[in-house]
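Only a predicted model underlies this, so the values are computations on that prediction, with no experimental measurement involved. First the proteins, then the strands, lettered A, B, ... as listed; each starts at 1.
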Protein chains: 2
Amino acid sequence: MPTATEPHYTIGAFAKAVGLTAPTLRYYETEGLIEPHRLTNGRRYYEEADINWVKFLLHLKGTGMSISELKQYVQWRAQGDATIPQRLALLQQVKADFLVQFNEVQHHLQILNDKINWYEEKEAGLTADQENFHAYLQRLEHHE
Amino acid sequence: MPTATEPHYTIGAFAKAVGLTAPTLRYYETEGLIEPHRLTNGRRYYEEADINWVKFLLHLKGTGMSISELKQYVQWRAQGDATIPQRLALLQQVKADFLVQFNEVQHHLQILNDKINWYEEKEAGLTADQENFHAYLQRLEHHE
DNA sequence: GGTTGACTTAAAGTATACTTGAAGTTATAT
DNA sequence: ATATAACTTCAAGTATACTTTAAGTCAACC
């Protein structure tokens with residue numbers, strides 16, 4: 001039940017507060033990621049602390065965790081401190097996968113940058129002899 | 001037609017060379033991203049230069065470009081140098097979007113790291129007074 | 001007190017990027 | 001020569017993460 005000192009949110013207000021839509025919040029709820037309280041008339045309400053929780057979930061999601069991985073994490077969390085090793089192992093695996101991906105996208109960015117520079121030089125008429133992009137990359141020693 | 005000095009690939013061999021599957025290559029072809037040659041019996045064959053092309057497409061894809069954006073890029077490319085400004089603008093927009101995402105995921109990583117450290121300290125019994133994660137983040141001045 | 005907007009559930013639909021299946025042809029290996 | 005593996009097309013199926021629709025209830029404002 002809401003109190004005067006602890007402001008609460010309808011699903012619409014809460015959706016705005018966390019940057020999601022009401023249907024998405026309901027979907028996350030069916031997936032077990034969130035458990036809002038209910039007013040006596042059946043309507044959901046969310047509290048301030050739920051904002052931190054959803055934002056944390058979105059950070060995890062942003063590192064590449066799927067909804068089902070988040071669900072597993074949340075289930076372990078509900079089981080108490082005994083599951084901390086499992087949760088820690090999951091997050092460490094997520095981090096390891098993330099770092100692999102992170103290195104890959106940095107390389108993708110490098111090639112994108114190289115292509116942009118190549119076009120800019122071509123537009124400026126600076127690539128003297130119509131050097132193609134592959135040769136350009138090799139000159140920069142940016143392989144693949 | 002293949003020559004002796006320019007090795008060519010069947011779809012299966014080419015798929016291995018670029019790290020995709022044969023069905024994915026056919027799918028990319030229907031999307032207009034690749035245009036392999038055909039042997040007289042109707043079978044596709046790919047040349048060495050096609051490897052660079054597909055790898056380049058995969059780099060662009062890795063920066064966040066969708067198949068339909070890649071298709072647009074490829075169509076412009078087929079229209080010749082007159083479309084270089086459009087291609088450049090597209091890639092610059094992709095880069096700008098990428099950099100926004102990149103900053104966001106770095107923040108996601110920071111929170112993931114913080115959570116892992118928090119669990120590790122908790123496991124080691126180092127968090128003296130059961131400091132919760134939100135308080136821990138605030139102590140580190142890692143907001144949200 | 002009535003209209004408008006927000007809420008409720010459940011189920012169906014959407015977008016993206018493939019993946020798989022079916023039915024058939026062609027190459028390669030023993 | 002025959003079996004197996006790789007290829008062909010076209011259509012249908014899959015996974016993920018929502019989004020939309022339908023049918024109805026409830027709340028706030030003038």
Identify, between B/Thr24 and A/Thr10, the residue whose nearest nucleotide on DNA chain C lies closer to the 5' end. A/Thr10
Phosphate contact (D/dT19 OP1 or OP2) by A/Thr21 side-chain N/O below 4.0 Å: yes
Value in whole Å for how far the C1' atom of C/dT16 lies from CE of B/Met65: 15 Å
Interatomic distance, A/Gln86 atom CD to A/Arg77 atom CZ [nearest 0.5 angstrom]: 15.0 Å
Rounded to whole Å, please give me the gap between NZ in B/Lys71 and P in C/dA17. 10 Å
Should the heavy atoms of other residues, nucleotides or ligands under 6.0 Å from CD of A/Glu35 be counted, would the total exceed 12? no
Quick one: CD1 on A/Ile84 to CH2 on B/Trp118, what's the gap to the nearest 0.5 Å? 6.0 Å
Return the value, rounded to whole Å, for the distance between atom OH of A/Tyr27 and atom C1' of C/dG13. 14 Å
B/Tyr119 and B/Tyr136: aromatic ring centres closer than 6.0 Å? no
To the nearest angstrom, how far is A/Tyr46 atom OH from C/dA6 atom C1'? 13 Å
CZ of B/Phe14 versus C1' of D/dA6: gap in Å, rounded? 17 Å
Is any side-chain nitrogen or oxygen of B/Ser68 closer than 4.0 Å to OP1 or OP2 of C/dT16? no
So, OP1 or OP2 of C/dA6: does either fall under 4.0 Å of a side-chain N or O from A/Lys16? no
Answer yes or no: is there an ion pair linking A/Glu69 with A/Lys61, defined by an N-O contact shorter than 4.0 Å? no
Neighbours of DNA chain C within residues 52-59 of chain B, by heavy-atom distance under 4.0 Å: none
To the closest 0.5 Å, what do you measure between CD (A/Gln101) and NE2 (A/His108)? 7.5 Å
Which heavy-atom pair separates B/Ala22 from B/Ile11 by the least distance, and what is that distance? O-CD1, 3.6 Å
So CZ of A/Phe133 and CG of A/Asn117: to nearest 0.5 Å the spacing works out to 9.0 Å
Can you measure A/His8 atom NE2 to C/dA6 atom C1' for me and round it to whole angstrom units? 14 Å
Is A/Glu120 paired with B/Arg87 through a side-chain N to carboxylate O contact shorter than 4.0 Å? no
Integer-rounded Å distance: D/dT16 P and A/Glu31 CD: 11 Å
Expressed in angstrom and rounded to an integer, what is the separation of A/His37 atom NE2 from C/dC7 atom C1'? 18 Å
In residues 93-105 of chain A, what residues come within less than 4.0 Å of DNA chain C, judged by heavy atoms? none
Knowing that exactly one of A/Asp50, A/Ile51, A/Thr24, A/Ile34 qualifies, which makes a side-chain contact (heavy atoms from CB on, under 4.5 Å) with A/Val18? A/Ile51
I need the single residue from A/Phe14, A/Tyr27, A/Tyr28 that forms a side-chain contact (heavy atoms from CB on, under 4.5 Å) with A/Leu20. Which is it? A/Tyr28
Could you pull out the protein-nucleic contacts involving nucleotides 8-11 of chain D (nitrogen or oxygen on both sides, under 3.5 Å)?
from, atom 1, to, atom 2, distance (Å)
D/dT8, OP1, B/Arg44, N, 2.7
D/dT8, OP1, B/Arg44, NH1, 3.0
D/dT8, OP2, B/Arg26, NE, 3.1
D/dT8, OP2, B/Arg26, NH2, 3.0
D/dT8, OP2, B/Arg44, NH1, 3.2
D/dT8, O5', B/Arg44, NH1, 3.4
D/dT9, OP1, B/Arg38, NH1, 3.2
D/dT9, OP1, B/Arg38, NH2, 3.2
D/dT9, OP2, B/Arg44, NH1, 2.9
D/dT9, OP2, B/Arg44, NH2, 2.8

What distance do A/Leu25 atom CG and A/Thr30 atom OG1 have between them, rounded to the nearest 0.5 Å? 11.0 Å
Would one find a side-chain N or O of B/Tyr28 under 4.0 angstrom from OP1 or OP2 of C/dC18? yes
